[in-house]
Amino acid sequence: MHRDVLQSLVEALDGGVGCVYCCVVETRGSTPQKPGAAMLVFPDGSQVGTLGGGCVEAEVKRRALRYLGQDDAQALTFFLDDNYGWDDGLICGGRMTILVQPLRPETPYFPEACAYFRRLLRRSRTGEGYTEAVAYAAAECPVGARVLYDRGQQVLATLQVADSVHGWPAPLPEKTRAYYQNGIAYLPALPRVILLIVGAGHVGQAVAHLAAQADFDIWVVDDRASYANKDRFPVAKELRVGDIGATLRDMRETGQIGRRVFAVIVTRGHAHDEEALYHLAQSEAGYVGLIGSKRKIRLIFNDLVARGVSAQALARVHAPVGLDIGSQSVTEIAVSIVAELIAVRNLGHSPRGPQPGAVFLGLPEDSVPVCSPEADNA
């Protein structure tokens with residue numbers, strides 16, 4: 001669930017405002033949204049979030065308003081044929097099951113729901129990751145029952161579940177995408193990734209803007225306060241102004257650059273790029289990318305090897321950073337970079353294969369160490 005929807009849900013519950021929480025719990029085939037997508041519907045017809053638009057969303061909203069006075073959740077299944085989507089040109093050919101759950105002060109389990117969703121919001125804010133198990137067709141519990149697990153499969157909160165949850169299978173640790181078992185949907189939320197942007201110029205600014213929309217937490221490092229500031233980077237959670245090498249060295253030595261940190265080097269010059277890569281290539285960062293021409297990258301790699309940086313450390317660097325989409329403008333370059341970041345975060349690897357740093361060093365592909373945020377949870 002997107003945090004803005006969850007935030008609005010908790011605010012409504014805490015204010016005693018009734019609403020209907022609609023969440024995609026199962027999909028088959030091609031659908032406009034995937035499990036975990038959520039929408040709130042309020043008595044006045046307003047909404048927060050989306051289920052993908054089109055006729056399905058409109059029908060769910062219509063039914064949600066009808067169910068607002070009820071206590072029980074409902075699981076609605078839609079087959080996306082010409083009955084849903086033809087008017088909008090949206091023929092996906094898939095199937096969606098959407099849980100529609102009325103929540104109002106008169107609901108018998110309303111206090112429990114308030115406590116559960118507050119806990120879920122707190123967990124979401126920490127960025128530590130979790131799995132939410134939601135019953136929608138299980139024989140042993142009501143529709144809408146929920147269990148919130150941490151990444152270690154420990155129960156954090158429950159909703160409409162008996163004192164013991166031993167009857168619920170624990171989440172499978174290797175699953176990073178939604179799956180279904182015995183009428184229960186398991187909806188994993190991966191740990192949030194911090195994107196460390198080294199260089200606050202035009203490319204860094206564009207990358208920050210796009211990456212924040214893709215749900216990365218943004219940190220920026222630069223030695224110029226006139227560039228690394230809130231006016232240029234309103235989405236940044238952290239702004240570090242100081243000597244680039246010294247700042248990254250301190251961050252690395254104090255353990256701030258772990259596997260949940262992805263780093264992109266987009267400074268204004270060769271020397272700054274090299275100094276940044278010297279520290280980041282040897283860090284625990286889950287992703288390190290370097291912008292630049294192949295010639296510049298080769299020169300930097302040669303210099304760093306001469307300075308004692310191992311070939312194995314450099315081999316995992318994504319250089320040139322980003323997917324090859326024929327980028328020309330700053331915005332296109334940012335799109336190519338963020339696309340690769342999303343792929344590594346969500347899939348564990350780049351669509352272009354093993355980290356290309358190995359190419360500059362003549363190493364075999366299978367010798368390149370793979371590091372991803374999931375490694376923290378192994």
Side-chain angles (χ1 to χ4, degrees), residues 1-27 31-78 84 96-126 130-138 141-149 156-161 178 183-189 215:
M1 184 196 307
H2 292 295
R3 280 188 293 174
D4 56 346
V5 176
L6 186 54
Q7 177 69 46
S8 296
L9 173 58
V10 170
E11 290 175 356
L13 297 179
D14 286 347
V17 177
C19 63
V20 182
Y21 169 42
C22 309
C23 177
V24 179
V25 292
E26 181 183 354
T27 62
T31 58
Q33 284 281 25
K34 297 303 178 185
M39 175 179 74
L40 301 180
V41 179
F42 294 94
D44 63 0
S46 61
Q47 72 180 68
V48 175
T50 180
L51 302 179
C55 294
V56 170
E57 182 172 297
E59 177 63 13
V60 170
K61 187 172 181 178
R62 185 184 71 81
R63 295 199 201 184
L65 290 170
R66 194 174 73 202
Y67 295 153
L68 185 60
Q70 300 182 14
D71 293 332
D72 298 329
Q74 307 284 335
L76 310 177
T77 298
F78 298 88
Y84 289 104
M96 299 176 72
T97 298
I98 298 167
L99 183 70
V100 178
Q101 191 161 25
L103 296 167
R104 57 197 178 93
E106 297 80 11
T107 304
Y109 55 87
F110 186 78
E112 187 184 6
C114 291
Y116 178 88
F117 287 111
R118 283 192 209 106
R119 186 68 181 86
L120 178 59
L121 177 60
R122 287 198 301 272
R123 186 70 183 184
S124 176
R125 283 173 171 168
T126 68
Y130 59 85
T131 296
E132 195 179 13
V134 184
Y136 64 98
C141 55
V143 173
R146 299 168 183 272
V147 178
L148 177 63
Y149 298 90
L156 299 175
T158 64
L159 175 60
Q160 284 191 286
V161 175
I184 299 172
Y186 290 85
L187 310 175
D215 211 28

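All figures in this text were calculated on a predicted structure; none of them were measured in a lab.
- No side-chain N or O of Gln33 forms a donor-acceptor pair with one of Thr50 less than 3.5 Å apart.
- Atoms NZ and OG, on Lys61 and Ser46 in that order, are 7.0 Å from each other to the nearest 0.5 Å.
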Go through Val161 and Tyr116 one step at a time and tell me if the side-chain contact (heavy atoms from CB on, under 4.5 Å) criterion holds.
-> CA-CA 11 Å; Val161 175; Tyr116 178 88; over 6 Å; no

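- Glu57 places a side-chain N or O within donor-acceptor distance of the main-chain N or O of Leu51, the cut-off being under 3.5 Å.
- At least one side-chain heavy atom of Val60 sits less than 4.5 Å from a side-chain heavy atom of Val56.
- Judged by distance alone, the side chains of Arg146 and Gln101 do bring a donor and an acceptor atom under 3.5 Å apart.
- At least one donor-acceptor pair under 3.5 Å links the side chain of Glu112 to the backbone N or O of Gln160.
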Could you walk me through whether Leu40 and Val5 pass the side-chain contact (heavy atoms from CB on, under 4.5 Å) test, one step at a time?
-> CA-CA 7 Å; Leu40 301 180; Val5 176; 3.9 Å; yes

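- A salt bridge links Arg63 with Glu59: the closest approach of a Lys/Arg side-chain nitrogen to an acidic carboxylate oxygen falls below 4.0 angstrom.
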Please lay out, stage by stage, how Arg104 and Asp71 fare under the test side-chain contact (heavy atoms from CB on, under 4.5 Å).
-> CA-CA 8 Å; Arg104 57 197 178 93; Asp71 293 332; 3.0 Å; yes

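- Atoms CG and CZ, from Asp14 and Phe117 in turn, are 12.0 Å apart once rounded to the nearest 0.5 Å.
- Using a 4.5 Å heavy-atom threshold, the side chains of Leu9 and Leu103 count as touching.
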Which is it for Phe110 and Leu13 under the side-chain contact (heavy atoms from CB on, under 4.5 Å) test, yes or no, and what are the steps along the way?
-> CA-CA 8 Å; Phe110 186 78; Leu13 297 179; 3.5 Å; yes

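- Using modelled atom types and a 3.5 Å distance limit, the side chains of Tyr136 and Glu26 yield a donor-acceptor pair.
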